[in-house]
Amino acid sequence: MASHRSEFIHTVVERGYLHQCTDLDALDALAADGVIAAYIGFDCTAPSLHAGSLVSIMLLRILQRSGHKPIVLMGGGTSRVGDPSGKDEARKLLSAADIAANMAGIKHVFARFLTFGEGPGDAVMVDNSDWLEGLNYIEFLRDYGPHFSINRMLALDSVKSRLDREQPLSFLEFNYMILQSYDFLELARRHGCRLQMGGSDQWGNIVGGVELGRRLDGRALYGLTTPLLESASGAKMGKTAEGAVWLNGDMLSPYDYWQYWRNTEDADVGRFLRLFTDLGLPEIERLEALEGVELNEAKKALANAATILCHGAEAAQAAAKTARKTFEEGVIAEDLPTVEVPRADLEGGIPAFELLLKAGLAASRAEARRLIKGGGARVNDQRVASEKDLVTLDQKTGDGVIKLSAGRKRHALVRPV
């Protein structure tokens, strides 16, 4: 491995974050000689970010831990356009109220990973609506339009792949890359930002900002991207069969978050320990060398470390304790996700598929029925034989609850009230 002068670039390369960089040697020298400000943008398309955003969040964390200044850019303006990257169709247009609500939902997660303040290395959060919403269209076209080549824009992967699949690309979406380039220029002017980072699908947009800064202001700006992250089996990061792995505790419980990491595929354990935890490399190398049943200890270490970062040490300890009781001691743990159901409803009996849906163990009635037909649904560890089976108050255990299971690893409690 080539040596690097700066702690930041050394760590980025060593832990597997680097995919492309516009000029790695120059960026390394810049980071070695002083504090640099760098940003990543997050559009407000949902009330929470999911685990697919964690590589970016962790990259900002590494930047700060290396002595540099992270800028978290909220896409209050760009969320009104929608990034076409990696999409087969246009994103649903969101209202200003939707965007504001989503922004409020995703903001707080960054405080778990970054330290915000007024110091030179403290993180700051800004909103691109501050400059995008006041643009004069004609002036913007005259000042910035000449610096973008349609030929080059059509060749970008985010555009070309959509056109190759004969999927429509609106003029609205086509503008997104120009707005993102302009964001970089504004952050350079307002905050001295020298580096934009993001996923590999953002490369074309990032390079556009680097070039815009050079052409208009003579600024030396840099771009760095992370690899597209998939599991060893090809699953997209942050997605499961049950839905997104949300970072907000009100959308996915800390216990379910812990379980997501505990269920990491064997081949991914070392890579995920490097990307998603603060554990040192010697400890990671020890853990990833474990084999057979012992590898489960590495998965638990991953789950604990990842959950501590996102939800805190107390939540991680509670999740680990719940998992240990449920899977290793065979008892019903009180900290399992719980749904309260009126006692009167249970006296008459509720179809098992309805309870699976209520408890969040299935995303739809159809999915709950498929789970039952496939033999994966259980009530108090007894297989549900038919989708017509009812769950009644008589099935309440000595703990005063009814245990529901979807497969061997996902459980919830029904508490009569």
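Hydrogens, waters and symmetry mates are skipped; everything else that's a heavy atom, side chains included, is used.
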Worksheet item: Do you know which two heavy atoms are closest between G223 and W203, and how far apart they sit?
Response: O-CZ3, 4.2 Å
Worksheet item: Strictly by modelled atom types, are S129 and D127 linked by a side-chain donor-acceptor pair under 3.5 Å?
Response: yes
Discussion item. Between N136 (side chain only) and I138 (backbone N and O only), is there a donor and an acceptor less than 3.5 Å apart?
Written reply: yes
Worksheet item: Do you know which two heavy atoms are closest between M251 and P47, and how far apart they sit?
Response: SD-CB, 3.9 Å
Worksheet item: So, are E354 and R365 salt-bridged, with charged N and O less than 4.0 Å apart?
Response: yes
Worksheet item: Roughly how far, to the nearest 0.5 Å, is the CG atom of D256 from the NE2 atom of H411?
Response: 10.5 Å
Worksheet item: Do R80 and E133 sit within salt-bridge range, that is, some charged N less than 4.0 Å from a carboxylate O?
Response: yes
Worksheet entry | Y17/L224 under side chain to side chain contact (heavy atoms under 4.5 Å, CB included): CA gap, chis, key distance, verdict | CA-CA 9 Å; Y17 287 92; L224 184 151; 5.8 Å; no
Discussion item. Looking at G119, is its backbone amide N or carbonyl O close enough to the side chain of D122 to form a donor-acceptor pair, meaning the two atoms are under 3.5 Å apart?
Written reply: yes
Item to complete: Could you grab the distance from atom CD1 of I178 to atom CG of D183, nearest 0.5 Å is fine?
Response: 12.0 Å
Discussion item. If you apply the rule side chain to side chain donor-acceptor pair (under 3.5 Å), what do you find for Q180 with Q196, and how did you get there?
Written reply: CA-CA 10 Å; Q180 184 170 329; Q196 181 184 174; 2.8 Å; yes
Worksheet item: Given the rule in the salt bridge (Lys or Arg N to Asp or Glu O under 4.0 Å) test, do R274 and E14 qualify, once you have shown the distances and angles that lead to the verdict?
Response: CA-CA 9 Å; R274 285 173 173 80; E14 186 176 51; over 6 Å; no
Fill in: Salt bridge R286-E283, side-chain N to carboxylate O under 4.0 Å
yes
Item to complete: List the atom of Y260, the atom of A51, and the distance in Å for their closest heavy-atom pair.
Response: CE2-CB, 4.3 Å
Worksheet item: Are any side-chain N or O atoms of R194 and backbone N or O atoms of A220, one a donor and one an acceptor, separated by less than 3.5 Å?
Response: yes
Worksheet item: Are the side chain of S66 and the backbone N or O of H68 linked by a donor-acceptor pair below 3.5 Å?
Response: no
Response to the item:
Nearest heavy-atom contact between L141 and P146 is O-CD, 3.3 Å
Practice prompt. Determine yes or no for a side-chain-to-main-chain donor-acceptor pair under 3.5 angstrom, with N263 supplying the side chain and Q259 the backbone.
Written response: yes
Fill in: Residues D217 and R189 bridged, charged N to O under 4.0 Å
yes
Fill in: Sub-4.5 Å side-chain heavy-atom contact between K403 and V379
no
Worksheet item: Does any N or O in the side chain of H4 come within less than 3.5 Å of the main-chain N or O of S6, such that one atom is a donor and the other an acceptor?
Response: no
Mind listing the side-chain donor-acceptor pairs of residues 55-63 below 3.5 Å, one per line with the distance, residues two or more places apart or on another chain?
from: R61; atom 1: NE; to: D278; atom 2: OD1; distance (Å): 3.1
from: R61; atom 1: NE; to: D278; atom 2: OD2; distance (Å): 3.1
from: R61; atom 1: NH1; to: F113; atom 2: O; distance (Å): 2.9
from: R61; atom 1: NH2; to: D278; atom 2: OD2; distance (Å): 2.5

Worksheet item: Could you walk me through whether L287 and V269 pass the side chain to side chain contact (heavy atoms under 4.5 Å, CB included) check?
Response: CA-CA 8 Å; L287 289 168; V269 172; 5.7 Å; no
Worksheet entry | pair I372-R383: side-chain heavy atoms closer than 4.5 Å | no
Fill in: Audit row: T226, L18, side chain to side chain contact (heavy atoms under 4.5 Å, CB included) steps and yes/no
CA-CA 5 Å; T226 56; L18 180 64; over 6 Å; no
Worksheet item: Can N304 and W261 be said to form a side chain to side chain donor-acceptor pair (under 3.5 Å), step by step?
Response: CA-CA 8 Å; N304 287 333; W261 297 104; over 6 Å; no
Worksheet item: After noting the C-alpha distance and the side-chain angles of K300 and E297, does the key distance pass the salt bridge (Lys or Arg N to Asp or Glu O under 4.0 Å) rule?
Response: CA-CA 5 Å; K300 291 175 187 176; E297 294 308 310; 3.5 Å; yes
Practice prompt. Work out which heavy atom in P227 is nearest to a heavy atom in H19; give both atom names and the distance.
Written response: N-CB, 3.5 Å
Discussion item. I'd like to know if the side chain of S231 and the backbone of A235 have a donor-acceptor N/O pair within less than 3.5 Å.
Written reply: yes
Worksheet item: To the nearest 0.5 Å, how far apart are OG in S48 and CG in D250?
Response: 7.5 Å
Worksheet entry | Closest heavy-atom pair and its distance - E294, L290 | O-CD1, 3.4 Å
Worksheet entry | Side-chain donor-acceptor pair present, Y176, D43, cut-off under 3.5 Å | yes
Worksheet item: Are side-chain heavy atoms of L413 and V339 found at a separation under 4.5 Å?
Response: no
Worksheet item: Do Y182 and L135 have side-chain heavy atoms sitting under 4.5 Å apart?
Response: yes
Worksheet item: Is there side-chain contact between W258 and S253, with at least one heavy-atom pair below 4.5 Å?
Response: no
Item to complete: Give the C-alpha distance, both sets of side-chain angles, the deciding distance and a yes or no for side chain to side chain donor-acceptor pair (under 3.5 Å) between N248 and Y257.
Response: CA-CA 10 Å; N248 286 13; Y257 188 80; over 6 Å; no
Fill in: Non-hydrogen side-chain atoms of M74 and N128 separated by less than 4.5 Å
no
Item to complete: Please round to the nearest 0.5 Å and tell me the distance separating atom CD of Q202 and atom CG of N205.
Response: 5.0 Å
Discussion item. Tell me if a side-chain donor or acceptor on T225 pairs with a main-chain N or O of Q20 at a distance below 3.5 Å.
Written reply: yes
Discussion item. Test your reading of the model: is there a side-chain donor-acceptor pair from E340 to the backbone of P416, 3.5 Å cut-off?
Written reply: no
Quiz: residues 209-216 side-chain donor-acceptor pairs under 3.5 angstrom, not counting sequence neighbours:
from: E211; atom 1: OE1; to: R152; atom 2: NH1; distance (Å): 3.0
from: E211; atom 1: OE2; to: R152; atom 2: NH1; distance (Å): 3.0
from: E211; atom 1: OE2; to: R152; atom 2: NH2; distance (Å): 3.3
from: R215; atom 1: NH1; to: H147; atom 2: O; distance (Å): 2.6

Worksheet item: How far apart are the C-alpha atoms of I308 and T277, what are their side-chain angles, what is the distance that settles it, and do they pass the side chain to side chain contact (heavy atoms under 4.5 Å, CB included) test?
Response: CA-CA 9 Å; I308 286 171; T277 79; over 6 Å; no
Worksheet item: Say you draw a straight line from CZ of R369 to OG of S364; how long is it, rounded to the nearest 0.5 Å?
Response: 9.0 Å
Item to complete: Compare all side-chain heavy atoms of I40 with those of V72 and state whether any distance is below 4.5 angstrom.
Response: no
Response to the item:
Interatomic distance, CG@L221 vs CG@D23, rounded to 0.5 Å, equals 12.0 Å
Fill in: Any donor-acceptor pair under 3.5 Å from K69 side chain to I36 backbone
no
Item to complete: Could you tell me whether K299 and D266 have a side-chain N and a carboxylate O separated by less than 4.0 Å?
Response: yes
Worksheet item: Do F116 and F110 have their ring centres less than 6.0 Å from each other?
Response: no
Worksheet item: Between L355 and V341, is any pair of side-chain heavy atoms under 4.5 Å apart?
Response: yes
